[in-house]
Peer 1: 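Here it is, the structure in full.
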Amino acid sequence: MLLDDILKVFEENKNNIAYRNEKYEVSYSTLYKYVCNLYNYLNAINLEKKIAKIIVYGNKDVTMITSFLACSFAGITYIPVDSSISKERLNNIIKLSNADLIISTIDEEICNVNNIDVISFSVLKNIIKKTENIQLIPLMKEDDVYYIIFTSGTTGVPKGVEVTYKNLNSFIYWFVDIIKHKYDNVLNQAPFSFDLSVADIYYSLSVGSTLVTYGSSIYEGLYKYFIYLKNSHINMIVCTPTFIELLLCDKYFNNENFSDLKILFFCGEVLRNDIVKKIYERFRNIRIINSYGPTECTVAVTSIELNKNIITKDIPIGKEKTNTNIHIVDKENNILKDGQVGEILIVGDSVAKDYINFNSNNFIDFCGRHGYLTGDIGYKLDNEIYYVSRKDEQIKYKGYRIELKDIEKNLYNLKYINKAIVKANKDKYGKVVNINAYIVLNDKNIIKKDIEKRLLDVLPKYMIPKIFILDEIPINKNGKSFIL
Ligand code: AMP
């Protein structure tokens with residue numbers, strides 16, 4: 001099991017670097033000490049008052065990884081929450097998850113309406129620095145919920161996906177297997193509150209590599225970021241295609257400057273063939289793996305290693321992973337034939353337990369096995385699976401998963417909004433380039449800035465649409481809005 005293997009990695013890699021960011025690095029022996037201390041602390045409070053779930057709040061600090069591991073070894077579910085999230089969204093997560101405690105890994109006061117206990121960063125730092133001799137014993141069981149990741153929901157509040165220890169084990173052993181080699185320096189792109197980060201965090205921890213993170217925004221300066229990557233001798237990047245597109249915008253991102261870079265693992269969005277061609281032009285011998293999967297099915301459930309001699313127009317998402325099956329089904333969940341387009345249904349060990357405190361028809365029983373109807377449309381051909389589109393209003397914008405209804409519901413929560421339509425604009429490749437909100441107001445004194453400010457209290461920054469205030473929503477002869 002994963003936690004037993006991580007223990008071995010701690011033992012065998014004491015002097016290796018486990019974690020690096022632009023300010024400092026931490027060895028495996030130090031990380032081990034941090035984890036042991038926090039684990040000990042959590043076990044002690046667990047004896048007095050049972051702790052089932054802990055929110056780990058922060059932004060990619062090593063103490064976030066420390067907290068994930070300490071919780072897991074102590075048999076406690078962790079809920080990663082990025083500190084860029086709005087206060088109201090954090091409070092929604094506290095309420096929805098029934099969390100017992102928050103561990104804060106940043107120097108910032110957290111105001112939570114539920115008044116749940118908080119281990120502040122200064123207290124946390126004191127806890128992990130102790131030098132007691134503690135033995136880590138994994139208390140997590142196969143069917144226990146290992147982590148809960150919150151994602152955009154159509155109801156206007158986020159929904160939490162409960163991923164079990166079994167789900168995670170199934171994912172990570174398959175992932176290590178398809179990566180094949182040990183890559184020493186692994187770049188993390190996704191915030192730790194997104195499930196893509198599970199791949200790079202647990203790959204590094206289970207093979208003894210260095211997880212290289214970057215706390216600041218790369219938008220603050222691409223050149224600074226490049227120098228950091230170069231000096232970190234990055235061998236592997238786990239990221240969305242949007243991220244690599246951004247790096248490719250700069251000629252500096254090439255084989256000469258990044259001769260250590262050996263593999264790119266993509267997930268989360270359509271990987272276009274023009275991006276793949278560009279990568280091969282710059283990096284002749286690089287390995288590229290495309291994969292697909294929703295948070296509800298533990299990071300990724302398909303993979304294909306690309307080949308520069310065969311770059312098809314539509315790049316497949318590949319074949320299903322071990323112990324997981326993918327079916328293309330019609331509206332009655334009948335399995336369709338090869339070439340027929342239908343909904344992607346995922347069945348087997350990767351399918352998460354459920355959403356926490358949220359009823360959904362997407363988790364189903366399929367012939368006695370646990371399944372998840374993804375809402376993604378696709379088909380199978382020559383043993384490969386292809387993604388086509390979504391059947392609903394869920395989009396990917398800058399790599400983030402967003403329900404347009406989530407934005408719309410939060411607009412309607414503002415009393416002065418009479419009508420709101422939220423629309424994603426796409427480029428010729430079908431990629432979302434911006435999100436627009438068309439609004440009719442009850443109160444003519446309200447200006448765009450008021451709406452934006454209010455939305456920022458409830459939504460993450462990447463979900464804030466461009467606002468257009470209209471007198472009325474234009475309607476065509478059939479009574480449908482022109483905007484839609
Ligand atoms: P998330 O839960 O944030 O990982 O987003 C999951 C959704 O991202 C899926 O349901 C798909 O709509 C989309 N997605 C993930 N991987 C791919 C891919 N390789 N190609 C196209 N869409 C993808």
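Counting starts at 1 for both ligands and their atoms, following the listed order.
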Peer 1: Answer yes if the ring centres of Tyr203 and Tyr183 are under 6.0 angstrom apart, and no otherwise.
Peer 2: no

Peer 1: Would you please name every residue forming a side-chain contact (heavy atoms from CB on, under 4.5 Å) with Lys308, sequence neighbours left out?
Peer 2: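 For Lys308 the side-chain contact (heavy atoms from CB on, under 4.5 Å) partners, ignoring immediate neighbours, are Tyr280, Arg284, Asn285.
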
Peer 1: Between Tyr397 and Tyr462, is the gap from one ring center to the other below 6.0 Å?
Peer 2: no

Peer 1: For the residue pair Asp382 and Asp338, what are the closest heavy atoms and their distance?
Peer 2: N-OD2, 4.3 Å

Peer 1: Taking the six-membered ring for Trp, are Tyr214 and Tyr225 closer than 6.0 Å centroid to centroid?
Peer 2: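 Tyr214 vs Tyr225: aromatic centres under 6.0 Å.
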
Peer 1: Measuring centre to centre across the rings, with the benzene-like ring taken for any Trp, is Phe194 within less than 6.0 Å of Tyr400?
Peer 2: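 They qualify: ring centres under 6.0 Å apart.
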
Peer 1: Return the protein residues near ligand 1 (heavy atom under 4.0 Å from any of its atoms), ordered by chain and residue number.
Peer 2: Asp195, Gly268, Glu269, Val270, Asn290, Ser291, Tyr292, Gly293, Pro294, Thr295, Ile317, Asp376, Tyr387, Arg390, Lys396, Arg401

